[in-house]
Novice: 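Have a look at this one.
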Amino acid sequence: QVQLVESGGGLVQPGGSLRLSCAASGFTLENYAIGWFRQAPGKERERVSCFNSGDGDNANYLNSVKGRFTISRDNANNTVYLQMNSLKPEDTAVYYCVADGPWSTCHYSDRLWEYWGQGTQVTVSS
């Protein structure tokens, strides 16, 4: 049974940093596309960053987070991370860990991702 459990969200001031973690179970991480979406109040979900399955360190990023966010994965521990630096109020959202596979790609549409975590709230405010 595939499970994704996020942690690491919270309240941070503008310019601050947070690291989100996603503990995956029930599947082999490197064989799945894995990534992060977010949804702000009143807005649609948007893809933040993701890896294709078996894609090494080649990640996709939302334009507005490029240079500030970094996705990484620890295949040995089946965990995915999202390091978020220089946070802005517009980064405020619920962040979801997503997975699809096996042997899948980094879908742009949220509808194509099969597995979702419960979400973790990130609030950027002074």
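Note that the structure is predicted; figures quoted are calculated from it, not measured.
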Novice: For Phe37 and Asp110, work out which heavy atoms get closest and say how close.
Specialist: CE2-CB, 3.5 Å
Novice: With Gln121, which residues qualify under side-chain hydrogen bond (donor to acceptor under 3.5 Å, both in side chains), at least two apart?
Specialist: Thr123
Novice: Go through the structure and list residues passing side-chain contact (heavy atoms from CB on, under 4.5 Å) with Leu62, not counting sequence neighbours.
Specialist: Arg38, Glu46, Ser64, Val65
Novice: Can you confirm whether Pro14 sits close enough to Pro89 that some side-chain heavy atom of one is under 4.5 Å from a side-chain heavy atom of the other?
Specialist: yes
Novice: Identify the two heavy atoms, one from Glu6 and one from Gly119, that lie closest to each other, and give their separation to 0.1 Å.
Specialist: OE1-N, 3.0 Å
Novice: Go through the structure and list residues passing side-chain hydrogen bond (donor to acceptor under 3.5 Å, both in side chains) with Ser7, not counting sequence neighbours.
Specialist: none
Novice: Write down the atom of Ile34, the atom of Ala99, and the distance for their closest heavy-atom approach.
Specialist: CD1-CB, 3.7 Å
Novice: With a 4.5 Å cut-off on side-chain heavy atoms, are Trp36 and Val80 touching?
Specialist: yes
Novice: With sequence neighbours left out, write down each residue that passes ring-ring contact (aromatic ring centres under 6.0 Å, His included) with Phe27, or none if nothing qualifies.
Specialist: Tyr32
Novice: Partners of Tyr96 by ring-ring contact (aromatic ring centres under 6.0 Å, His included), sequence neighbours excluded?
Specialist: Trp116
Novice: Cation-pi check for Tyr81 against Arg73: NZ or CZ below 6.0 Å from the six-membered ring centre and within 45 degrees of the axis, yes or no?
Specialist: no
Novice: Surrounding CD of Glu90 (heavy atoms of other residues, nucleotides or ligands, distance under 6.0 Å), is the total greater than 12?
Specialist: yes
Novice: Let me know which of Asp100, Val98, Asn52 forms a side-chain contact (heavy atoms from CB on, under 4.5 Å) with His107.
Specialist: Asp100
Novice: So, does Thr28 use its side chain to make a donor-acceptor pair with the main chain of Glu30 at under 3.5 Å?
Specialist: no
Novice: Using the side-chain contact (heavy atoms from CB on, under 4.5 Å) criterion, which residues pair with Val122? Sequence neighbours excluded.
Specialist: Leu18, Leu20, Met84, Tyr95, Val124
Novice: I want to check something: taking the side chain as every heavy atom from C-beta on, are Asp91 and Arg68 in contact at a cut-off of under 4.5 Å?
Specialist: yes
Novice: Not counting sequence neighbours, which residues clear salt bridge (charged side-chain N to carboxylate O under 4.0 Å, His left out) with Arg19? List them please.
Specialist: none
Novice: Between Leu82 and Val48, is there a side-chain heavy-atom distance shorter than 4.5 Å?
Specialist: yes
Novice: Does Ser53 reach the main-chain N or O of Ala33 with its side chain, forming a donor-acceptor pair under 3.5 Å?
Specialist: no
Novice: Please collect all disulfide bond (SG atoms under 2.5 Å apart) contacts where either partner lies in residues 66-95, sequence neighbours excluded, each pair once.
Specialist: none
Novice: Say you draw a straight line from CZ of Arg47 to CH2 of Trp113; how long is it, rounded to the nearest 0.5 Å?
Specialist: 7.5 Å
Novice: Would you find a donor on one side and an acceptor on the other, under 3.5 Å apart, between the side chain of Tyr61 and the backbone of Ile71?
Specialist: yes
Novice: Who are the side-chain contact (heavy atoms from CB on, under 4.5 Å) partners of Ala23, not counting sequence neighbours?
Specialist: none
Novice: Could you pull out all residues at least two apart from Asp74 that satisfy side-chain hydrogen bond (donor to acceptor under 3.5 Å, both in side chains)?
Specialist: Asn77
Novice: Name all pairs fulfilling the disulfide bond (SG atoms under 2.5 Å apart) condition that reach into residues 92-126, sequence neighbours left out, sorted by first residue then second.
Specialist: Cys22-Cys97, Cys50-Cys106
Novice: Between Ser86 and Ser17, which heavy-atom pair has the shortest distance, and what is it?
Specialist: N-OG, 4.3 Å
Novice: Identify, with sequence neighbours excluded, every residue that meets side-chain contact (heavy atoms from CB on, under 4.5 Å) alongside Asn78.
Specialist: Ala24, Leu29
